2 protein chains.
Amino acid sequence: MAKLPADPCSIARTLGVLGERWTILILREAFFGVSRFAEFRDRLGVAPDVLSDRLATLVEFGVLSREPYREPGARSRFAYRLTPAGRELQVVLSALQQWGDEHLPRPEGPTMLRRVRGTDCPVRVGYLDEQGQEVPLADVAVIPAGA
Amino acid sequence: MAKLPADPCSIARTLGVLGERWTILILREAFFGVSRFAEFRDRLGVAPDVLSDRLATLVEFGVLSREPYREPGARSRFAYRLTPAGRELQVVLSALQQWGDEHLPRPEGPTMLRRVRGTDCPVRVGYLDEQGQEVPLADVAVIPAGA
DNA sequence: TGGCTGAGTACGGAAATCCAACTCAGTTGG
DNA sequence: CCAACTGAGTTGGATTTCCGTACTCAGCCA
């Protein structure tokens, strides 16, 4: 663990946490409410040693918390739950999903939809200015800080 | 190649294209304008066989195009350039960058900023409704299609 | 003709991944 | 109390991927 690169690029540092095989899919399951080791393993088919490593990395960097809990009449277990920082990764997963929906479509259409809770208004991922107004992709500039 | 999983989940399919080591960093360089094999290799320090494989995958799935070109008085070369589909991945990279800026900060602060071209208004990645208005994370529901 | 450069391919060793089997603790059943 | 069961991992070995270096190949240039 402790594989976080000291890279000045935030993308590279984030990939140090999320960039290994299975990590993003583990998070997808976490967003679906999965929290137990065996459930991650069974739903994803990931090897338990890899799962153990990935969960430890995500806990180490504050994406998941590892909470002991005890169901009545059972021994203490661990639940892996999204922290507030982890929940903010939803926009990353949604961006990946949106791109796949559009550019790697299946004939059956997408399996998951992003909607405003309550109303059924579709929701997209995109750029926003400080007033919460959409900024078209073509108007976004990524520039070096201190320039 | 042809590693695209038939997975019904768009996130999994997208990761079939982008999920291997180096791929996202190759795209980061492509957004900076890098287009030549040797320049990707030298800037990233990636092994040439891995680079060759990743570029082929990205071309295969329409993220990059491989265009022969000829500088005057030089032989024909290949340029790898973002396609329109590839350019739409900018929001994915920005989302990763934004999360890293916030949750894996460096004392020196971020190296790259997202701004509206022309004005210097900061730009964030977030959720939008169909009118281009921000939707708070807490109001976004991800639901199965056909439910 | 021989050298230079860009764009790769080839190859051997290192590391990560996968799969199966095993451990360990607490709990339930007999 | 003892045995079996279950969840949460750990361990060991085969396989795949990755890394680094060396090499090739083609066209231009002197």
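All figures in this text were calculated on a predicted structure; none of them were measured in a lab. Letters A, B, ... are given to chains in the order of the sequence lines, protein chains preceding strands, and every chain is numbered from 1.
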Between the protein and nucleotides 12-15 of chain D, which nitrogen or oxygen pairs come in under 3.5 angstrom?
| unit_1 | atom_1 | unit_2 | atom_2 | d |
| --- | --- | --- | --- | --- |
| dG12(D) | O6 | Asp49(A) | OD2 | 3.4 |

Check: [Y] and [X] side chains under 4.5 Å, non-hydrogen atoms:
{"X": "Thr111(B)", "Y": "Arg106(B)", "result": "yes"}
{"X": "His103(B)", "Y": "Val63(A)", "result": "no"}
{"X": "Phe32(B)", "Y": "Arg43(B)", "result": "yes"}

Looking at CD of Glu134(B) and CD of Gln133(A), how far apart are the two atoms once the value is rounded to the nearest 0.5 Å? 10.0 Å

Nearest-Å distance for atom pair [atom1]/[atom2], residues [X] and [N]:
{"X": "Asp53(A)", "N": "dA15(C)", "atom1": "CG", "atom2": "P", "result": "15 Å"}
{"X": "Glu39(B)", "N": "dA7(C)", "atom1": "CD", "atom2": "P", "result": "9 Å"}
{"X": "Arg77(B)", "N": "dT5(C)", "atom1": "CZ", "atom2": "C1'", "result": "7 Å"}
{"X": "Arg21(A)", "N": "dT17(D)", "atom1": "CZ", "atom2": "C1'", "result": "7 Å"}
{"X": "Leu51(A)", "N": "dC19(C)", "atom1": "CG", "atom2": "C1'", "result": "14 Å"}
{"X": "Phe78(A)", "N": "dT10(D)", "atom1": "CZ", "atom2": "P", "result": "11 Å"}
{"X": "Asp42(B)", "N": "dG6(C)", "atom1": "CG", "atom2": "C1'", "result": "10 Å"}
{"X": "Arg66(B)", "N": "dG6(C)", "atom1": "CZ", "atom2": "P", "result": "17 Å"}

What's the shortest heavy-atom distance between Glu88(B) and Leu137(A), and which atoms? CA-CD2, 4.2 Å

Closest approach of Tyr80(B) to Arg66(B) (non-hydrogen atoms, all atoms of both residues): OH-NE, 3.2 Å

Per [X] side chain, nearest of listed nucleotides [options]:
{"X": "Arg36(B)", "options": "dA21(C), dA7(C), dG8(C)", "value": "dA7(C)"}
{"X": "Glu20(A)", "options": "dA22(D), dA20(C), dT17(C)", "value": "dT17(C)"}
{"X": "Trp22(A)", "options": "dT17(C), dG20(D), dG7(D)", "value": "dT17(C)"}
{"X": "Val50(B)", "options": "dT17(C), dT10(D), dC18(D)", "value": "dC18(D)"}
{"X": "Ser52(A)", "options": "dT17(C), dG9(D), dC18(D)", "value": "dG9(D)"}

Go through the steps to decide whether Arg13(B) and Ser10(B) satisfy the test side chain to side chain donor-acceptor pair (under 3.5 Å), and finish with yes or no. CA-CA 5 Å; Arg13(B) 290 200 309 288; Ser10(B) 293; 3.2 Å; yes

Classify the nucleic acid contact of [X] as base, sugar-phosphate or nothing, counting any heavy atom under 4.0 Å across all strands shown.
{"X": "Ala38(B)", "answer": "sugar-phosphate"}
{"X": "Arg41(A)", "answer": "nothing"}
{"X": "Phe40(B)", "answer": "nothing"}

Could you check Tyr80(A) against Gly45(B) and say which one's nearest nucleotide on DNA chain D is further toward the 5' end? Tyr80(A)

